[in-house]
Protein chains: 2
Amino acid sequence: MKTGVEYSCDAAVEKLDRFLKAKKLRRTPERYRILEQAMAFPKQFVVDDLVQAMATAAFPVSKSTVYSTVDLLVEAGILRRITAIGNGPARYEKLEDVSHIHLLCEECGKLKLVKDLNFMAYMNARKFAAFTTSYYNLTVYGVCNDCARRIKREKSSNNKIKRTTK
Amino acid sequence: MKTGVEYSCDAAVEKLDRFLKAKKLRRTPERYRILEQAMAFPKQFVVDDLVQAMATAAFPVSKSTVYSTVDLLVEAGILRRITAIGNGPARYEKLEDVSHIHLLCEECGKLKLVKDLNFMAYMNARKFAAFTTSYYNLTVYGVCNDCARRIKREKSSNNKIKRTTK
DNA sequence: TTTACTGCAAATATTTTGCAATATC
DNA sequence: GATATTGCAAAATATTTGCAGTAAA
């Protein structure tokens with residue numbers, strides 16, 4: 001453990017503060033520095049990304065600590081845990097991104113966030129029987145134009161090979 | 001491998017047929033029996049569920065075979081692979097269920113499917129720039145009434161304990 | 001007859017756990 | 001000072017891979 005760290009002061013930090021206080025858990029430097037790095041990612045990240053980011057930020061922490069901290073951040077409602085494509089490690093994203101529509105390319109795994117005010121208004125008004133909503137996520141699976149082009153190219157070059165070898 | 005199996009004949013079977021033919025893969029009994037069991041699950045299932053179901057159906061297959069077969073079924077557009085809560089094994093569901101709204105309780109992990117024609121109509125018309133949609137999934141995270149009641153009960157009994165020990 | 005498929009076991013990947021040292025409250 | 005947290009290593013869990021025997025085309 002290390003000491004003497006100032007904490008930057010935004011909404012997520014306050015949220016973590018409240019959470020730790022409510023649960024009578026400790027405000028360690030590790031937890032606040034990991035939160036800082038997590039919020040700095042422009043999009044989804046995995047545990048190893050955070051371990052690396054911490055090392056780069058001259059505050060190396062163990063993988064176990066990152067695992068336990070992201071668990072806390074999920075419980076505190078700051079991050080969301082997702083694993084959408086393939087078998088890789090779990091991915092995390094800021095909960096503030098969640099209400100955007102997620103466009104996920106099934107070919108390259110790239111993710112794009114789209115804001116849709118109609119949809120958000122509809123969902124905010126929508127109630128479900130016997131269920132209290134905390135948040136929602138709409139993911140659209142498909143193929144991005146880059147991959148569509150690439151696939152088309154590969155197909156046509158396949159055809160050429162077949163034709164010439166006949 | 002075993003032989004002499006008749007294949008039941010519904011949409012999913014035909015879909016698998018076309019897929020295997022197109023990819024020049026083999027129509028093994030294992031693949032069709034696993035498909036049959038997968039379609040018989042009323043909701044999400046994991047690989048081990050399928051292994052067990054096959055054993056119960058007097059057609060035991062290895063775990064590797066089930067793994068490779070569900071991969072095929074996902075690729076064929078018959079199943080969808082999901083892992084929404086916790087770190088357990090990957091879960092699968094029929095793609096025909098996907099366009100329903102998924103209500104997922106974050107406490108007990110129970111899933112309820114809700115049909116919403118307004119939402120489906122909106123999504124079917126919705127186009128995204130530089131992206132070709134194949135399907136979409138709306139998951140609503142929250143707490144089901146059963147869990148809400150349980151939590152409330154636990155809280156009030158906690159308060160009682162605190163009060164008496166003071 | 002050719003080669004894809006199955007099933008076993010071993011390898012790999014991801015996450016959790018036990019425990020000693022240490023920092024927070 | 002009491003105990004929650006960190007970090008290491010080992011354990012547990014989930015999935016993939018290599019390979020020999022076998023079945024589908």
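Proteins come first, then strands; the chains are lettered A, B, ... in the order of their sequence lines, and each starts at number 1.
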Who are the salt bridge (charged side-chain N to carboxylate O under 4.0 Å, His left out) partners of A/Arg80, not counting sequence neighbours? A/Glu93
Write down the distance between CG (A/Asp71) and P (D/dT5), rounded to a whole number of angstrom. 13 Å
Taking atom types as modelled and ignoring hydrogens, do the side chains of B/Ser134 and A/Glu106 form a donor-acceptor contact shorter than 3.5 angstrom? yes
In whole angstrom, what separates A/Ile34's CD1 from D/dG7's P? 8 Å
Between CG of B/Leu73 and CD1 of B/Ile34, what distance do you get to the nearest 0.5 Å? 8.0 Å
Measure centre to centre between the rings of B/Phe59 and B/Tyr32, then say whether the value is under 6.0 Å. no
Find which nucleotide of DNA chain C each of B/Ser64 and A/Tyr67 is nearest to by heavy atoms, and output the residue with the more 5' nucleotide. B/Ser64
Nearest-angstrom distance from the residue atom CZ of A/Arg31 to P of C/dA23: 15 Å
Calculate the interatomic distance between A/Lys63 atom NZ and C/dT14 atom P; express it in whole Å. 8 Å
Using the salt bridge (charged side-chain N to carboxylate O under 4.0 Å, His left out) criterion, which residues pair with A/Lys23? Sequence neighbours excluded. A/Glu75
Given C/dT15, C/dT6, C/dC25, which nucleotide is nearest the side-chain atoms of B/Ser68? C/dT6
Separation of A/Asp17 atom CG from C/dC25 atom P, in whole Å? 10 Å
Result for 5'-nearest mapping on DNA chain C, choosing between B/Lys24 and B/Thr65, is B/Lys24
Between CZ of A/Arg33 and P of C/dT24 the distance, given in whole Å, is 13 Å
In this structure, how many angstroms lie between the P atom of C/dT16 and the CG atom of A/Leu72, rounded? 12 Å
Straight-line distance of B/Phe119 CZ to A/Leu138 CG, nearest 0.5 Å: 5.0 Å
Please answer: with hydrophobic residues joined when any side-chain heavy atoms are less than 4.5 Å apart, are B/Tyr135 and B/Phe131 in the same cluster? no
Consider the side chain of B/Glu30, meaning its heavy atoms from C-beta on, and name the nucleotide among C/dG7, D/dT15, D/dT6 that approaches it most closely. C/dG7
I'd like to know if B/Arg26 reaches the base of C/dT3 with its side chain, counting only an N/O donor and acceptor under 3.5 Å. yes
Round to the nearest Å and state the distance from A/Arg91 atom CZ to C/dT15 atom C1'. 17 Å
Taking the side chain of B/Pro89 as heavy atoms from C-beta outward, which of D/dA14, C/dC25, C/dT14 is closest to it? D/dA14
To the nearest 10 degrees, what angle separates the axes at the start and end of the helix from C/dT1-D/dA25 to C/dC25-D/dG1, five pairs each? 50°
